[in-house]
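Shown next, in structure tokens, is the structure this report addresses.
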Amino acid sequence: MAFTFAAFCYMLSLVLCAALIFFAIWHIIAFDELRTDFKSPIDQCNPVHARERLRNIERICFLLRKLVLPEYSIHSLFCIMFLCAQEWLTLGLNVPLLFYHFWRYFHCPADSPELAYDPPAVMNADTLSYCQKEAWCKLAFYLLSFFYYLYCMIYTLVSS
Amino acid sequence: MESFLPGPVQNPLMISPHMSDGQGYNSSIPGLYAHQTPTKGSPHPSSGLYNYSGSQNVSPLSNYQGPGQTLNRPPMGPVSMVPLQQGSLPQMPPPSQTSAAVSTSAGSVLPGANLPALSNWQYGQALVSQPTTGSQENHFAHIAGTTSTQPLSSSGNTNPPTSYQYVASPGGPPVQNSYMKPPLGPPPTGCPTSARPFATPAGLPISSAPPHLLNSAMKQEGTTQSPPVPPNSKMGRSVGYSYPTLPPGYQNTSSPGAPGMQSPSLQCTGGPQPFPQPAFGTNHLAASMGGLSLQPEGLRTINLLQERNILPPAPLQAPVPNLHEDIQKLNCNPELFRCTLTNIPQTQALLNKAKLPLGLLLHPFKDLSQLPVVTSSTIVRCRSCRTYINPFVSFLDQRRWKCNLCYRVNDVPEEFMYNPVTRVYGEPHKRPEVQNATIEFMAPSEYMVSYLQLTWFITFDSTIHFYSLQEGLSQPQMLIVSDIEDVFIPMPENLLVNLNENKELIQDLLRTLPQMFTKSLETQSALGPALQAAFKLMSPTGGRITVFQTQLPSVGVGALKSREEPNQKASAKDIHLTPSTDFYKKLALDCSGQQVAVDLFLLSGQYSDLASLGCISRYSAGSVYYYQSYHHRHNPVLVEKLQKELKRYLTRKIGFEAVMRIRCTKGLSIHTFHGNFFVRSTDLLSLPNINPDAGYAVQMSVEESLTDMQVVSFQSALLYTSSKGERRIRVHTMCLPVVTTLNDVYLGADVHAITGLLANMAVDRSVSASLSDARDALVNAVIDSLSAYRASVLSIQQPGLMAPYSLRLFPLHVLALLKQKAFQTGTNTRLDERIFTMCQVKNQPLVYLMLMTHPNLYRVDNLTDEGALNIGDRKIPQPPILQLSVEKLSRDGAYLMDAGSVMLMWIGKNCGHNFISQVLGVPSYASVPQNMTHLAELDTAESVRTIAFISWLREQRPFFPILYIIRDESSLKSSFLQNMIEDRTESALSYYEFLLHIQQQVNK
């Protein structure tokens, strides 16, 4: 039983993974909020509500944009840590997502990444459902990796 | 409570003509005609009905089918407009018979629930009573009606001239509306057996068709289209019917076979009988639509490579959905609402197989000459999906109706039971809401908001100038704010003034404005801060900001840099189609939230980065106008254009604080919207302003397969505040059949709508990916659909490039798109111009978009009055449309190319002296001025004709096309030739080459 660097990595990633799970859940809720206006149809047509709704959309999009970098960087941190700890299997499991994140970040539809999740673009049923699906997949992935990290942490702690 | 004005009409009166009508129809059709014409002028309810409907009914000639029952008798409408038919026709049936009919019908209405089932029977019976010849006559009437109504319809106060045939024919004079009573009563001639079901509904399912279906079934007397349905089958299913798959000739000849269906018992037991069905169906279709793509010819496959003259000489009409005739007559005008596929594929798999885009094109706020307006305290809507009651719902019985979008059964409110038009209680299915696919509801008065019409002016260079127009001032006072980093508004209460109260000061200001800055040496433009200031001023009230900009904004927030490379040889890759800053987009969203729309007039000689500036209008639902190389002195033609368009801009209708929602039958889902708006929740478009010149497009997918559905419906509801402060809802509903085979999907393809939708998608693609991507996608759309057609529909593989008749113009239109300014490559299109064209693609209604894409070419040196339209006292010649190929030009002719926003008249070198002197007013070809832009009104027949034709073309559109008269040496000749889409240009394929390219890909 030894407290190796690998064990430390797993412990840290366990904590951060919880954060990522939280992010994913938040994304799901946010996209759902964007998709449906929970007001009654009559209220939806009210100009006053329009203002609130628009502000709401902008706020959500603003937060979504704010969360992009933290999420991606946390995940990249995992990869770097596992690389350093020479945990090849774990790294291999994470690399696809890492590349996906790179692609997402640099392949933004608009000119600058600043415009990712900009309200007019995101308020498209297609985009929204894509984002929604993405968020669900990520949630599943993070949840699985959470338990995987837990297992690995214990395993490294016990085995060495 | 209903606020319908009671018309001068008496109910008995209203019913009787109708009834006599129904009867006349059965006994002898001509009787009907004879009767009709007198009704028009007679003390009949004609105007009565329309009064109730409020303000917008300008003329009796409706775009809109009046309440539908009338429509059962197609000949009626046209006939009453066609004088020539009157004389020869027999007398109307005696009144005694009439009243008898009335009573029967009344009796038959009340049993309610059972009604729908009748149609089957009725229909069987009808066949008996209706001789084949009768229906034939119908067709003639139809055609005659159509052609002759065209002229009427294009007169200023009636239908727009572009009205589609199908509109013209069913849209009868309001007289029709008086015939609100559906011909429910069994016609006297009917055999008793067939009438029986009225009384004995047992065994007939309740899931019945809406009552108007019933009527429609009646109509079928002459034109049996749906197969006789056995009593135990669902009535609703008879709504649509499948296309006849027989060759046209066969179908037509098979019509005499109909008598075989005479016995009602045969009808009931026979089950679906495909054979007799096509007989009348197609026959009628062919006759009534003459020239439309669904005529028997529609079943044909065309080898595009062999079809040299593919362009029809008259404008292409929208295909008519293959619906039961009476439903079709209630259907929405295709100018307002149309679908790319008039036959909706049942499953997404089928749609994917067809490789055609599914979507809707809307022109929801189009100026209508006639629009029923309902003022009622209860607006009947589905309780679960909030759909407005519409002609395509079904009434289960008198008290319940079934939503056609979500299939929920709703109660009919008490108030709705009373029909204010006929003043009869217990006829909810005859209310105008259920008789008109396009209708406007007026929200009750408590929802009214009083609006102050306020006006203000701001000018800006590197500073911002506000104008105080406070009462009591002898002249406007200018307040200059030079701090553009943090704009504050001086004396806001004095800036916003009431237009009417301060007219003089405002006029004064407008007069002095042009002189005020003539000596200014300032070249900076602080557009961003000025917009912010304007937004601050407007945000409490909402409204409209009109921006006139002449250069690139250079200081303050939102300053832009020139991104255009001089002489950019459109290397499709790096053109800047995306905004360089999101300032304008963000501001537009703020505006949208505060119900402010920003309209942009860009009057610029140099690059102004419309890609960035345009965002301000795009997301706030404004419009963009662009006048390239505008100069108030050097370019007088553009000045005139601006003047005309600004006038239209200021005088057109406007709706404030609008939202639009598009609903569709469960199973279909809308996923992408195109146009100028902001999507507030996935199906709700936020439109701070709505104007009559804006078009929208949506893309759809089939989410759940539409099994068990015969038809699907779409409803767009536009809620807005009119300039009088009334809250109104304009509702359009469209109903389309569902089909299960690929062949049917292709048959119903609407090539204009498809091209329009593809253009919209291509704009998105050019912005999100690249221009070359978008171009490839366009070409692939043709290749994919044609190869899918070849692979799955054609049984025999023929050489050549086979296309279904409905898609015969598809390659041509796509080629036209590729050569259009928005998507062309290899030529020196200025960036702003390209982006402006893209804005137009997104925001123009389909009609103008098609004109812009594929201009119309006419020969104008030999205009005759033959086939001319009569509008008022004017005669508008109707020359045939020529193909866009130099091959069609001759040196001794003069040709007019109408490209929507510009018109080019090319004078051939050997053009007849007659034309040159009589129309152009110059002695010889050589003396035609280099830049001639006006035709002088000469006192000659030729001149009158030409000018009438040109001004008629101009009147049809909200913008003002400049007319350039060009001859061989003119500099504009190149742009004339560039529009010759079928010809080869240095960088683009000719039509034939394009076809060969496609063939190559398809046959791979």
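It should be emphasised that the depicted structure is a prediction, and the values quoted were computed from it without experimental measurement. Residue numbering restarts at 1 for every chain, and letters A, B, ... go by the order of the sequence lines.
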Segment of B:Phe673 engaging chain A (4.5 angstrom heavy-atom cut-off) | neither
Where A:Glu58 and B:Lys586 come nearest, the two heavy atoms and their spacing | OE2-O, 4.4 Å
Chain A heavy atoms under 4.5 Å from B:Gln594: which part of the residue, side chain, backbone, both or neither?
-> both
Please report the closest heavy-atom contact between A:Arg35 and B:Ser681, naming both atoms and the distance.
-> O-CB, 3.8 Å
Does a sphere of radius 6.0 Å around NZ in B:Lys536 hold more than 12 heavy atoms from other residues, nucleotides or ligands, not counting ones at 6.0 Å or beyond?
-> yes
Is atom CZ of B:Arg383 surrounded by more than 12 heavy atoms (other residues, nucleotides or ligands) closer than 6.0 Å?
-> no
Other residues, nucleotides, ligands: >12 heavy atoms within 6.0 Å of A:Phe5 CZ = yes
In short, B:Leu589 meets A:Leu54 closest at the heavy-atom pair O-CD2, 3.0 Å
Please round to the nearest 0.5 Å and tell me the distance separating atom OG of B:Ser592 and atom CZ of A:Arg53.
-> 12.0 Å
Chain B contact via A:Leu34 - which portion, at a heavy-atom distance below 4.5 Å = backbone
Any side-chain heavy-atom pair from A:Met123 and B:Arg680 closer than 4.5 angstrom?
-> no
A:Phe62 CZ: over 12 foreign heavy atoms closer than 6.0 Å = no
